[in-house]
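Below: the structure, in structure tokens.
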Protein chains: 2
Amino acid sequence: MQVRKRIEAAASDMTASERKLAATLLADYPFAGLASIQDLGRKAEVSAPSISRFVAKIGLGGYQEFQRDLIAELKEGQQSPVEVHRADRAVNGGYLNDFIARAADQMQVAGDAITQAQFDRICRLLSEPKRKIFVIGGRISDTIAKHLSFHLRQARTGVFHIPDSTEVWPEYLLRMKQGDILFMVDFRRYQANLAVLAETASATVGARIILMTDRWLSPIAKHASEILPVPIESGTLWDTYSPALAVTEALVTRIAEDNWDETRDRIKAWDALRLPQQDMIK
Amino acid sequence: MQVRKRIEAAASDMTASERKLAATLLADYPFAGLASIQDLGRKAEVSAPSISRFVAKIGLGGYQEFQRDLIAELKEGQQSPVEVHRADRAVNGGYLNDFIARAADQMQVAGDAITQAQFDRICRLLSEPKRKIFVIGGRISDTIAKHLSFHLRQARTGVFHIPDSTEVWPEYLLRMKQGDILFMVDFRRYQANLAVLAETASATVGARIILMTDRWLSPIAKHASEILPVPIESGTLWDTYSPALAVTEALVTRIAEDNWDETRDRIKAWDALRLPQQDMIK
DNA sequence: GAGTTTATGAAAAATATTTTTCAGTCAAGA
DNA sequence: TCTTGACTGAAAAATATTTTTCATAAACTC
């Protein structure tokens, strides 16, 4: 139940100081309740014990629980940017447009959650030629990981995409050296085997792990030295990976731009090898 | 100064656990910071002392001051969410945000370019249980195609992802019946072999081709009965596939929602088979 | 590879916060 | 006016929270 409702429900049966308290609380709801019990006491001109009793009276376990509830409400009620946005353009509707608007908003959120410095740092790490780069993702998110490794491979040497099958993992682990990068993408419905891989790579080999994950943080987080948090809630049945893809693309594009000379040469060389085969079809 | 800005400002000079902390904080800003230092520590997989030091580093007097600031911001922002949001955006620029803004624009374009009627029609085609669905993409765009087939497979039977290697294609072609769907994703640097596949499938087998492509229209277009045009120019060195992914996600989400009962059952059955293996790792 | 620096968390200490106890106050009724 | 009972806050006690200290581990440098 909402805290506000609880207060209203108990209103008929309140003492003088409790009413003072209730008024103070509701006058600046829910922020007044976020101060310490002392501060709130001062503000409402009521002693701390009265507050303690009040909180018990409205059926909560204690002042801390009371605050937790308020925060939860606030978070809940926090009008998501999506809603704000949608109100903005109320007109255009349609399933697709709606979906896209949400995805676009989540992308914005991703942009805000990743600092510029972090972005630069990760680009730099992925650019250093001495480090090898190993890339892997989860069942679904491997598509994102593939995108990364594919483009990274055009910009530099030493990029390996680790296959799904755990059987060949040791082979890749053996190839890793200290300081090499293991870039992992893991979104919810985290895979236990990826966590094991992370553990091994960081503990045994000394690889540096860069993790792209959602806000609940995959268990890999504890081994990671860089975390790229990306929102994935689309407000629908399934998650959206568009923000993750956008961030990935931003990374690889930046890296390619920074190393343009090498990238251009590599693409050229690569095309020369690929084109003759391209039309080969039975 | 906003706490978020403080974090960004200090980002260049952070240790590993501080970065983890920053990521956690920003991923669920500002609510993550409203928990107790212990809880936050648990969430970010970092010790309480590290948080204490972190808070000092970003120039605040202590955890309590940090929380007070967050609450003040929250209260501030509550007044006029839209304005605050806008203001935020304007300031922070940077490569990533810039990139994301472009991608978001392109997504809008995609939304406008696909009519609601077409979107619905394609969803319906992909939902009809009698038609089998074959999916394939180009070298890079197969990422998008994989996403489609993966999710589609959760909503229905008879979904096949055609592998890269041309050698096995005939096998798939033999399996196709008139009226089956061949969903192809092909962006510039079109692959000749895909065009051949399209030609064969439509002329010989009588499959219906749905094509997702960019505005230059892949050579497959002439065989396609539905074309989903998606913009891919990012204004940078490389193209962006975010709009394509967003459209794909919109499709599969809509389809799953429309066939929710079946989808739910399939996912459940699927999980039952998958979970026991999930932890299987050497 | 040895030595130095730096970062980290466990434990202890310090601090802040909340709850309980308890004595005083006040109002209502005899 | 006295008694009774409920309400209140000061102070103490109990808790929870935060910060400091310190030993260890990791990373970096020469």
Side-chain angles (χ1 to χ4, degrees), chain A residues 10-25 32-71 121 125 128 130-131 176-181 199 201-209 221-227, chain B residues 10-25 32-71:
Chain A
S12 56
D13 177 38
M14 277 185 189
T15 70
S17 44
E18 283 168 350
R19 276 195 298 273
K20 252 204 293 198
L21 193 48
T24 310
L25 245 20
L34 262 30
S36 79
I37 204 171
Q38 305 284 356
D39 290 351
L40 176 58
R42 213 163 303 130
K43 190 166 175 186
E45 319 221 284
V46 144
S47 73
S50 298
I51 299 176
S52 213
R53 287 186 285 256
F54 175 86
V55 169
K57 195 169 200 167
I58 62 174
L60 296 172
Y63 197 69
Q64 271 143 217
E65 186 177 328
F66 166 78
Q67 292 196 318
R68 259 199 309 280
D69 282 11
L70 286 179
I71 291 172
R121 207 168 45 238
L125 275 174
E128 288 174 13
K130 277 183 318 204
R131 303 177 193 275
M176 279 183 211
K177 286 224 185 61
Q178 171 145 28
D180 284 353
I181 306 282
E199 158 103 55
S202 85
T204 314
V205 188
R208 269 175 100 143
I209 296 181
K222 67 162 111 18
H223 309 296
S225 70
E226 295 279 356
I227 295 178
Chain B
S12 56
D13 179 37
M14 279 186 188
T15 70
S17 41
E18 285 169 347
R19 283 195 297 269
K20 254 202 287 204
L21 193 48
T24 309
L25 247 18
L34 295 177
S36 78
I37 204 170
Q38 306 283 358
D39 290 350
L40 176 58
R42 213 163 305 128
K43 187 165 175 187
E45 319 233 14
V46 143
S47 73
S50 298
I51 299 177
S52 218
R53 288 185 285 254
F54 175 87
V55 170
K57 196 169 200 168
I58 62 175
L60 296 170
Y63 197 71
Q64 273 143 216
E65 186 178 328
F66 166 79
Q67 291 196 318
R68 262 199 305 282
D69 281 12
L70 285 180
I71 291 172

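Just so it is clear, the values below take in all heavy atoms, side chains as well, and ignore hydrogens, waters and symmetry mates. Residue numbering restarts at 1 for every chain, and letters A, B, ... go by the order of the sequence lines.
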Sort and list the pairs that fulfil salt bridge (charged side-chain N to carboxylate O under 4.0 Å, His left out) and have at least one residue in residues 41-60 of chain A, not counting sequence neighbours.
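For residues 41-60 of chain A: A:E18-A:K57, A:D28-A:K43, A:D39-A:R42.
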
Side-chain N or O of B:S50 closer than 4.0 Å to phosphate OP1/OP2 of C:dG9:
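B:S50 to C:dG9 OP1/OP2: side-chain N or O found under 4.0 Å.
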
Below the 4.0 Å mark, does C:dT8 have OP1 or OP2 next to a side-chain nitrogen or oxygen of B:T15?
yes

Applying side chain to side chain donor-acceptor pair (under 3.5 Å), name anything that partners A:D180, two or more places apart in sequence or on another chain.
A:K132

When every nucleotide of nucleotides 12-30 of chain D is labelled 5' to 3' by its protein contacts under 4.0 Å (heavy atoms), B for base, S for sugar-phosphate only, - for none, what sequence of letters results?
----SSBBB----------

Salt bridge (charged side-chain N to carboxylate O under 4.0 Å, His left out) partners of B:R19, counting only residues at least two apart:
A:E226

Round to the nearest Å and state the distance from A:E18 atom CD to D:dA6 atom C1'.
11 Å

Output the rounded distance in Å from CZ (B:R42) to P (C:dA10).
12 Å

Report the residues that fulfil side-chain contact (heavy atoms from CB on, under 4.5 Å) with A:Q64, sequence neighbours left out, ordered by chain and then residue number.
A:R68

Base, sugar-phosphate, or nothing: which does B:A16 touch, judged by heavy atoms less than 4.0 Å apart?
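Counting heavy atoms under 4.0 Å across all strands, the contact made by B:A16 is with sugar-phosphate only.
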
Counterpart residues, ring-ring contact (aromatic ring centres under 6.0 Å, His included), relative to A:F54 (two or more places apart)
none

Is there a side-chain contact between A:I227 and B:T24 in this structure, where contact means two heavy atoms from C-beta onward sitting under 4.5 Å apart?
no

